[in-house]
Amino acid sequence: MSNLGITPRATDYSEWYNDLVVKAGLADHSGVRGCMVIKPHGYAIWENMQRALDDMFKATGHVNAYFPLFIPKSYLSREAAHVEGFAKECAVVTHYRLKNDPDGKGVVVDPDSKLEEELIIRPTSETVIWNTYAKWIQSYRDLPLLINQWANVVRWEMRTRLFLRTAEFLWQEGHTAHATWDEAEQEALTMLDAYRRFAEEWMAVPVLTGVKSEGEKFAGADHTYCIEALTQDLRCLQAGTSHHLGQNFAKAFDVKFQTAEGREEYVYATSWGVSTRLIGTLIMAHSDDKGLVCPPRLAPVQVVFVPMGKEEALRAATIEMADRLAGEMRALGIRVHVDKRDKESPGFKFNDWELKGACLRVELGPRDLEAGTCVVARRDTGEKSTLSLEALVAETPGMLETMQKALYDRALEFREANTHRVDTWEEFERMFEGEAGPGFVLAHWDGTTETENAITEKTKATIRCIPLRPLDPGDDAPGACVLTGKPSARRVVFAKAY
RNA sequence: CGGGAUGUGGCUCAGCUUGGUAGAGCGCUGCGUUCGGGACGCAGAGGUCGGAGGUUCAAAUCCUCUCAUCCCGACCA
């Protein structure tokens, strides 16, 4: 009995998160340290995300390609700043052969198979890609080069959380080359905006867009843009990044092109990515103590039918009706499931599908069949309504849209209620006291890394971003740094980060 | 990489102090009764107690080493 249900959020938020991910069948811990198994139900969310994002990339002129998993060690040494960022968490391949253990059972690494040059499992692909682009780019006519890849990457993390931080994760990385600084800048901003739209329109998660401070930016970038989401436990979750790499990688890999005027110049670059972490973001934005609440546009199961009936014949009749209606919904492109399990009671199925995040549940019993009606329950509000069977299919898309919008509105309201403006150090410190985060705290900062570090050391708060647009017109007015009192051009966003 | 904890059927755990040849609940399989908010009865299957050494007539239990996982810190999409 005690293993029914999940830990309530109020009891322990991270236990709740773990329970939800595992019990809703999204992912599981694997036997491999730091790595998770993404289960079919979780992978289905990822597939829906991939489809939507990929369409956005294609619509902005990008094409997909695939680059190697292995990176020769020498490549990584080419761009110094970038190495510094990743060196501590790289998996390294040193041998290429196993042999039977001469002393017993099992296999051992064959010492004779040592690689002359070790291979690094990509923590990100800039180096392989720029090594390749150097061969592809000669003329301004080869630009811009707009390529994306869907891939796995490995960062040897010490502490892992399902979806949020694992040693291996799935993501998408776009890598583009441009003739001018401005064009690369435009690209970085375009993709940032694609991420923002994806978060808002598909995930129903409002995000802040901004630029990272020097300390928080991608090592190797000139500057880094990001989208930042707020979780239910009032922490900040970086959901996507878009980097203007300047000419850093072009210089490191000698990627030059000839301009129309015949001059030789280094190209300008961008890279941008989002990962399976988005699934964690989604969960922490909308879900509740009953389980997953998934925005309809990404939900693997948008509608679930629970047919019921005491006697065999009645049950058969409700199943038949459910199948018919489900067929009509599928024709409209709705993702439907008919739960025909015989051994589970309707009550069990209700709870089970709430756990798994089906958006709408259609209860179909003998009494409904007789009356020509059904009961529809909405996952986010729990609200139940009785609909006629004739109206059901036609009204479903509208109900899904309503829920999609309601989730966004609720999340936005939540963020607004948890965004604070703070002007004194006393108040700032108080906000970050205790375990729970305070949400977003907008405060003035003098712009120096020293102050940023000092604030983080004192409060555990980090600068999540410098907003591109003020959330409130007043946020862009000059003020005095919350710690040092030195001049500040605008408010920046502080939060406790995941 | 530091500090703490835990490894016993698929899952959650008891047994370990005081060594004597392995248990419960859930899940699973079969049959029957059930079915509008987490159903029930009966009958079954399933574990060399994380691994390797050691002590002992005898080890899940005691000792040593090792591996793995989880929590708390430092680091991170």
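Treat the numbers as computed from the prediction; the structure is a model and nothing was measured. We name chains A, B, ... by the order of the sequence lines, and we start the count at 1 in each one.
- For F67(A) and H175(A), the ring centers sit 6.0 Å or farther from each other.
- Rounding to whole angstrom units, CD of residue E311(A) and C1' of G36(B) are separated by 14 Å.
- The residue V375(A) sits close to a base: some heavy atom pair falls under 4.0 Å.
- Atom CG in L314(A) sits roughly 13 Å away from atom P in G36(B) (whole-Å rounding).
- Where P346(A) and G34(A) each meet RNA chain B at their nearest nucleotide, the meeting point lying more 5' is that of P346(A).
- Side-chain to base pairing of E354(A) with G37(B): one donor and one acceptor N or O lie within less than 3.5 Å of each other.
- Across G36(B), G37(B), C75(B), the shortest atom-to-atom separation from the side chain of E157(A) is found for C75(B).
- For the pair H243(A) NE2 and A77(B) C1', the interatomic distance rounds to 9 Å; values are reported in whole Å.
- The residue from R361(A), R379(A), K23(A), R378(A) that alone fulfils the salt bridge (charged side-chain N to carboxylate O under 4.0 Å, His left out) condition with E354(A) is R361(A).
- For the C1' atom pair drawn from A14(B) and U55(B), the interatomic distance equals 27 Å after rounding to whole Å.
- If you check distances only, the side chain of K384(A) does reach the base of G37(B) with a donor-acceptor pair under 3.5 Å.
- No contact: T241(A) has no heavy atom under 4.0 Å from any strand.
- Regarding I6(A), its CD1 atom lies at a distance of 20 Å from the P atom of C11(B), rounded to whole Å.
- M36(A) places its CE atom 20 Å from the C1' atom of A68(B), with the value rounded to the nearest Å.
- Close to A68(B), at under 4.0 Å from its OP1 or OP2, lies no side-chain N or O of H29(A).
- C11(B) atom C1' lies 15 Å from atom CG of N18(A), rounded to whole Å.
- The distance between the ring centers of W272(A) and F57(A) falls below 6.0 angstrom.
- Look at NZ on K460(A): it is 5 Å from P on A74(B), rounded to the nearest Å.
- Residue F218(A) is tested with H244(A), H223(A), H243(A) for a ring-ring contact (aromatic ring centres under 6.0 Å, His included); the sole match is H243(A).
- Contact annotation for R361(A): base contact, defined as any heavy-atom pair under 4.0 Å involving a base atom.
- By the stacking rule of 5.5 Å between ring centres and under 30° between planes, F169(A) stacks on the base of A77(B).
- Between Y17(A) and Y13(A), the ring center distance fails the sub-6.0 Å criterion.
- Taking atom P in both A60(B) and G9(B), one finds a spacing of 14 Å when rounded to whole Å.
- The CG-P distance, from D342(A) to A39(B), rounds to 14 Å in whole Å.
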